[in-house]
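Numbers here are sequence positions counted from 1. Both backbone and side-chain heavy atoms feed into the values below; hydrogens, waters and symmetry mates do not.
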Amino acid sequence: MTPTTKPTTGPLRSRGRLAAAAAALASGALVLSACSSGGGGGGGDKSAGPGTDKNASANYSIGTKEDSAGPAPEVPGAKKGGTVGVLQRDAFVHLDPGQIYYNDMLANQMLYNRTLTSYKVDDKGKVKIVGDLATDAGTSSDGGKTWKFTLKDGLKFEDGSPITSKDVRWSIERLYAAFETDGPQYIPQWLSGDGTAFRKALPDGPYKGAHLPASVLDTPDDKTIVFHFRQPHADTPFATAMPNIGAVKAEKDTQRKYDNAPFASGPYKVGDYKVGKSLTLVRNEHWDAKTDPIRHQYADRFEISFGHQYADSTRRYLADQGGDKNTLSFSNAVAPEMTEKVLGQADTKARRFVEIQPYVDYISFNMDRLKDVGVRKALAYAMPNGQILQQVGGATAGVVATNLLSPAMDGYRPTDPFGKKDKPAGDPEKARELLKAAGKEGQEIVYAYANTDIQQKVSVVVTQALERAGFKVQKKEIDANTWRTAIAEVKNKFDIYRTSWGADWPVASTVVPPLFDGRQIADGSQNYGHLDNAAVNKEIDRINAIADVKKAAPEWQKLADKILTEDVPGVPTFYNTQFSLWGSNLGGVRYQPVYGTVDPTGVYVK
């Protein structure tokens, strides 16, 4: 999840949340003890600093069948018609919902893709998980191992054909195919095996006529989907809200080419797509608002273009001229150098927000190349968290991070093993001591970064800080459009690189295992530091087996701290916020806290 771009796939085992979460589901709310916010206070329209932390577990609940019914509540003042322009810095790597995990693409898929469940966000930012294709958030039995969903009436694809349970099954079974590597894998792992072992259950996906047995994934009629998990999973309604648990029509599944032409189930469909340049979404006339509790179809079309640095999009929003009045960004933030100008320009107050995101930024250390823990500790002490934050926007971009978990996580404690609160610019003296003790003075570091204007500036302060600490730095600038793929390659040739991660729902089991379980290491996965410590893996299994989420929460924090101080596969730099600005002729623009982006589903042209 860019400071706002969520790293990819989440091979994750979330066993062990049954007891507390099951009770919570029964009472209609995901009851997890609330945590402190990540910073700031007050409303999102304050001159600096975000509002309350909407990522905290207390902000989430499970909706009822009535909450799941469409249509979505009308946005006051909304009108139909017009074109919404979208300015994005990075080209989308994927349109295939099975491959989507970054927040810019997550926001985009909301317009054309529907999922079994999804997130309904009210005007105050409260998040309720409801049935999307399904009539409700699902029903469990067998102690939480079996989950049943029923499809709504009137669901259709963009060609008018009905969406059935077979299409949902297809969307899941195709995740077993070898080419589907970048999306979240909760459901296939829960059904068929941990890590990448699940693929053995259906190695070709559904493409050669084989299917999962009904004892694993059953579709007894056109309306019913039944999951038979190997272990209880009370948080299934959250996992079925991921973009790849939706509906894919077999006849339209072009496998790898589906990335360029996904078949729509949402209010919009792909009208035109020029890879790396632009995407146009037009109305899907077969989408029925009565079935959809979340989305609207106010605008005629969305015209999305790529290659807009933050300075470019911010300048256009500030000028607010011509067609730019009808323009927004899903994830482009206000350019850091224009922050004060935006805050000081009175007419922007009604068309901007600053909100806490679920993401933590890190500098990951490639442990395959940096094998000496003394070197990695020296890097952690030397890293200039405060200066990095200043380059990306200062107070409107986040707060300095001190440990691996977000403050929104249940069980979070503000531990600070590398003293980032006292020395946000880094501790070069301590770093030099560590390098000397390791016999690594003058250690060469290959530092890779995306060639965005912001990361170029970040690279300057990082390089200077590391050189002050006694490192020799070789900078490697990578095309921003290929950056996400480049750092996710296990055999990459870089020593350190910026990464970022946000929990899929606010429990640390959606953070520690995908980032630090050695059994998850693979191209496209998120163990960016390549930590493979048998003791850590064993501890992950132990904590995952704790049935009570409240008891598990502090254990995750302890493990995260142990990883940070003993293994040091990276160092956290800052907790993210999103500072967004848009054109004055748009209405219905608001924050989507789950993805940490603009929510495009209620946007209209005035």
Side-chain angles (χ1 to χ4, degrees), residues 1 5-15 17 55 60 92-110 113-119 129 132-133 138 147 168 171-199 205 217 227 229 231 233 235-248 258-259 262 358-359 484-485 488 499-517 519-528 540 544 592 594-597:
M1 286 170 186
T5 300
K6 182 177 181 176
T8 56
T9 68
L12 171 66
R13 297 180 294 279
S14 298
R15 294 189 298 267
R17 292 203 286 275
N55 308 296
Y60 283 66
F92 296 152
V93 178
H94 298 297
L95 298 185
D96 178 351
Q99 297 274 56
I100 288 175
Y101 218 162
Y102 279 89
N103 73 342
D104 48 0
M105 291 172 270
L106 285 166
N108 182 55
Q109 61 87 32
M110 293 172 68
N113 179 52
R114 296 182 64 179
T115 44
L116 261 188
T117 57
S118 193
Y119 296 102
I129 193 155
D132 185 356
L133 294 173
W147 280 83
V168 176
S171 81
I172 295 165
E173 290 181 333
R174 67 193 299 273
L175 303 178
Y176 289 68
F179 72 89
E180 291 279 330
T181 57
D182 285 5
Q185 294 164 347
Y186 298 95
I187 294 295
Q189 288 178 334
W190 293 354
L191 289 170
S192 303
D194 297 334
T196 58
F198 73 89
R199 296 188 190 278
L217 179 61
F227 297 97
F229 297 126
Q231 302 290 336
H233 289 288
D235 43 2
T236 295
F238 292 83
T240 53
M242 304 309 288
N244 52 6
I245 311 299
V248 174
Y258 202 67
D259 246 347
Y359 307 111
R484 293 180 268 202
T485 300
T499 59
S500 179
W501 182 258
D504 287 315
W505 49 94
V507 291
S509 61
T510 67
V511 178
V512 177
L515 295 185
F516 304 114
D517 188 331
R519 296 161 293 188
Q520 310 286 1
I521 295 172
D523 287 343
S525 73
Q526 290 72 53
N527 188 337
Y528 294 104
I540 286 172
N544 265 330
Q592 214 286 358
V594 182
Y595 300 152
T597 64

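For Gln592, there are no side-chain hydrogen bond (donor to acceptor under 3.5 Å, both in side chains) partners, not counting sequence neighbours. Taking the side-chain hydrogen bond (donor to acceptor under 3.5 Å, both in side chains) definition, one finds that Thr196 meets it with nothing, sequence neighbours left out. The ring-ring contact (aromatic ring centres under 6.0 Å, His included) check on Tyr258 picks up nothing, with sequence neighbours excluded. For Thr117, the side chain to side chain contact (heavy atoms under 4.5 Å, CB included) partners are Ile129, Phe149, Thr240, Ala241, not counting sequence neighbours. Applying the ring-ring contact (aromatic ring centres under 6.0 Å, His included) test to Tyr119 and every residue at least two apart in sequence or in another chain returns nothing. Every residue two or more places apart in sequence or in another chain that forms a side chain to side chain contact (heavy atoms under 4.5 Å, CB included) with Ala107 is listed here: Phe330, Thr597. With sequence neighbours excluded, the residues that form a side-chain hydrogen bond (donor to acceptor under 3.5 Å, both in side chains) with Asn113 are Gln109. When the side chain to side chain contact (heavy atoms under 4.5 Å, CB included) test is applied to Asn244, the partners found at least two apart in sequence or on another chain are Leu175, Pro184, Met242. Not counting sequence neighbours, the partners of Asp132 by the side-chain hydrogen bond (donor to acceptor under 3.5 Å, both in side chains) test are Arg114, Arg295.
With values rounded to the nearest 0.5 angstrom, Leu217 atom CG is found 6.0 Å from Glu173 atom CD. From His94, atom NE2 reaches atom OH of Tyr101 across 13.0 Å, with rounding to the nearest 0.5 Å. Of the inter-residue distances, the one linking Gln520 atom CD with Gln189 atom CD reads 6.0 Å to the nearest 0.5 angstrom. Taking CG of Asn527 as the reference point, atom CZ of Phe516 lies at 7.5 Å (rounded to 0.5 Å). Within the model, atoms OH of Tyr176 and CG of Leu191 stand 4.5 Å from one another, a figure rounded to the nearest 0.5 Å. Here the CZ atom belonging to Phe92 is positioned 8.5 Å from the CZ atom belonging to Arg484, to the nearest 0.5 angstrom.
Counting heavy atoms from C-beta outward, Asp259 and Phe179 have side chains that stay 4.5 Å or more apart. Counting heavy atoms from C-beta outward, Val93 and Gln99 have side chains that stay 4.5 Å or more apart. Leu116 is listed as a side-chain neighbour of Val168, based on a closest heavy-atom distance under 4.5 Å.
For the ring-ring contact (aromatic ring centres under 6.0 Å, His included) test with His233, the passing option among Tyr186, Trp147, Trp190 is Trp190; the others fail.
Across all their heavy atoms, Pro358 and Gly596 have their closest contact at CD-CA, 4.1 Å.
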Evaluation steps, side-chain contact (heavy atoms from CB on, under 4.5 Å), between Trp505 and Val594: CA-CA 8 Å; Trp505 49 94; Val594 182; over 6 Å; no
